[in-house]
Amino acid sequence: MTLLITNEAGLHHQMPPGHPEQIARLEHVFRALNAPDFAALDRRAAPMAEEADLLLAHPETHVAALRVAAPAEGLVALDADSAMSPGTWEAALRGVGGCFAAVDAVLAGEAKNAFVATRPPGHHAEKTRAMGFCLFGNVALAAKHALDRHGLSRVAIVDFDVHHGNGTQDLLWDEARVLFVSSHQMPLYPGSGAAQERGAHGQILNLPLAPGSDGAAMRAVYESRVLPRLRDHAPDLILVSAGFDAHADDPLANLIWSTEDFAWLTRELCSVAAEVCGGRLVSSLEGGYDLDALSDAVAAHVAALMEA
Ligand SMILES: [Zn+2]
């Protein structure tokens, strides 16, 4: 059984007109996952996270600063490309809460795996800084939740968004129990993610990909570097930062992955999960800015989760 957690509050998180991280992204994802092919999904609404949930990896100052910044009307800029609207605070809290609920359900055996359809995304949010459309580190926080509250020994995070997961890296730099793997185009925003960045315990694996590299190059890197490392780490749970902006049609980057490449990658990650942790895998939406490519790739990703 695959669980789908939807963050409807994400439809009320506004960004400036013309911004690529737009409400229509989530509308397209919801529409794709409402097709008859997905009737078997177990569907739940994302609950609100509590402040204590955010404090698993962010300091209180960061949480308080964003709570105070949330506007009653209009938009407030957080950095050059991140903003808050009146609906943003709830959307961000439900994004974190959705990831936690997915972890809870998968660890309770209520579902084998789960996809969290949410915005804003999370993997650029650093401990003390919202950036890159992100406020809180949804997936890094979910890893902490799984370790500190469920008592897991080891977790792995695979981030295949086209941008480096600098926030996840920042939140988990000292966390020996989490293997963090990020593949991303380099050079590209945010500029971090060189192979030499390995974490305080050598537990971070950054895999920069050259602009123009295709799905065959991605498959070679995952087969030779990522899947063996995942097996070695033997996590109790695999978390996925699922960004779909490495797609050839995406306007923000220059990799040329196909929809089928995302399906392949999902099947491979599910296969390792089946070997090492009973198939337990939780995936959360990050980027993906061509609306049709995004909805097609999400559909392929979730279909592969359902087949696992
Ligand atoms: Zn991205």
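Indexing begins at 1, ligand by ligand and atom by atom, following the structure's order.
- In this model, no donor atom of one side chain and acceptor atom of the other lie less than 3.5 Å apart for H247 and D261.
- Within D245, the N, O or S atom at minimum distance from the Zn ion (ligand 1) carries the name OD2.
- Using a 30° and 60° split on the angle between ring planes, W257 and F160 fall in the tilted class, from 30° to 60°.
- Relative ring orientation between H163 and Y189 is described as perpendicular, the plane-to-plane angle rising above 60° on a 0-90° scale split at 30° and 60°.
- Counting just the N/O/S atoms of D161, the one with the shortest distance to the Zn ion (ligand 1) is named OD1.
- The closest approach of H163 to the Zn ion (ligand 1), by N/O/S atoms, is made by ND1.
- For CZ of R198, the number of neighbouring non-hydrogen atoms (other residues, nucleotides, ligands) closer than 6.0 Å is 12 at most.
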